[in-house]
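For reference, the structure discussed in these notes is given below.
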Amino acid sequence: MTGQTAASPAPIIEMAGIVKRFYIGQPNELEILKGIDLTVYPGEFVSIVGASGSGKSTLMNIIGALDRPSEGSYILDGVPMAQVPDDLLSEIRNRKIGFVFQTFNLIARTTAQVNVELPMLYAGVPRARRAARAAELLEQVGMGDRRRHLPNELSGGQKQRVAIARAMANDPAILLADEPTGALDTQTGRMVMDLFHRLHREQGKTILLITHNPELAAETDRIITISDGRIVGQQKGGAV
């Protein structure tokens with residue numbers, strides 16, 4: 001979905017000159033991101049690839065409103081993020097972005113159903129509606145028969161499918177997936193990627209995938225390569 005025309009929708013992610021520094025003003029000051037320009041349009045499936053330490057996760061944290069840049073402009077779904085006060089960032093994250101992590105990040109003592117309901121609880125969705133929505137999402141990811149299971153009763157692939165259902169709870173505009181297959185075997189990872197493709201194809205979700213796996217990256221619409229805090233290449237993927 002590159003080469004957008006004037007009639008195309010506005011970008012859902014628009015970053016210009018993004019710099020991120022840590023330990024500012026100290027002798028050990030680090031500049032991790034060094035002027036990132038990134039535009040993503042609604043409905044794109046984009047992968048971000050790069051070696052460990054290249055800045056991928058730092059960039060993902062800024063895209064996901066988990067952190068703020070030191071310099072630069074970031075507009076998320078039409079909202080200039082620099083103008084959003086800290087106390088509203090969590091609300092934007094909860095409503096606009098679904099996160100999928102390598103380590104699943106499920107709450108151990110609650111069932112799959114309750115894990116999926118949590119983002120809706122924080123968003124103030126009434127109990128009956130969030131219960132119905134969670135059950136529907138778990139069915140969509142093939143986990144309807146595991147609704148009452150705790151995370152320690154699920155395999156890695158099952159946990160990740162629950163995590164994807166949770167990420168979809170508030171029907172976010174964007175899914176951010178940080179090495180979502182990294183802790184899974186090849187066959188289970190394939191199942192998870194197929195699920196992302198289905199969400200992209202059937203629901204038009206905008207998906208950003210961080211991966212070190214070039215084969216997975218090649219399945220996306222566009223591959224962005226980051227090295228030493230800079231975007232050093234972009235190419236069209238062979239989206240399936």
Backbone of [Y] reached by a side-chain donor or acceptor of [X] within 3.5 Å:
X	Y	value
E29	G25	yes
N115	T111	yes
D178	I210	no
E202	L199	no
D221	F45	yes
K20	I32	no
N94	P119	yes
D37	G17	yes

Minimum heavy-atom separation for [X] and [Y], please, with both atom names.
X	Y	result
D77	A173	OD2-CB, 4.1 Å
L154	K159	O-CE, 3.4 Å
P151	A108	CD-O, 3.3 Å
P172	A167	CG-O, 3.2 Å
T220	S47	OG1-OG, 2.9 Å
D145	G142	OD1-O, 4.1 Å

Sidechain N-carboxylate O distance under 4.0 Å for [X], [Y]:
X	Y	value
R198	D194	no
D171	R95	no
E117	R133	no

Heavy-atom distance under 4.5 Å between the side chains of Q160 and T181, does that happen here? no

Just wondering, do R93 and L66 contact through their side chains at under 4.5 Å, heavy atoms? yes

Which residue in the set R222, K205, H200 passes side chain to side chain donor-acceptor pair (under 3.5 Å) when paired with E44? R222

How does the hydrophobic cluster around M120 look, that is, which other residues are in it when side-chain heavy atoms under 4.5 Å mark a link? V125

ring-ring contact (aromatic ring centres under 6.0 Å, His included) pairs touching residues 60-107, sequence neighbours excluded, are F99-F101

Distance-only donor-acceptor check, side chains [X] and [Y], under 3.5 Å:
X	Y	result
Q113	R148	no
T211	N213	no
T188	D185	yes

Interatomic spacing from CD1 in I48 to CD1 in I226 - rounded to 0.5 Å: 7.0 Å

Do V49 and L209 belong together in a cluster built from hydrophobic side chains that touch within less than 4.5 Å? no

Group every Ile, Leu, Val, Met, Phe, Trp and Tyr by side-chain heavy-atom contacts under 4.5 Å, then state whether L216 and I224 land in the same group. no

List for me each residue that meets salt bridge (charged side-chain N to carboxylate O under 4.0 Å, His left out) alongside R230, sequence neighbours excluded, and say none if there are none. none

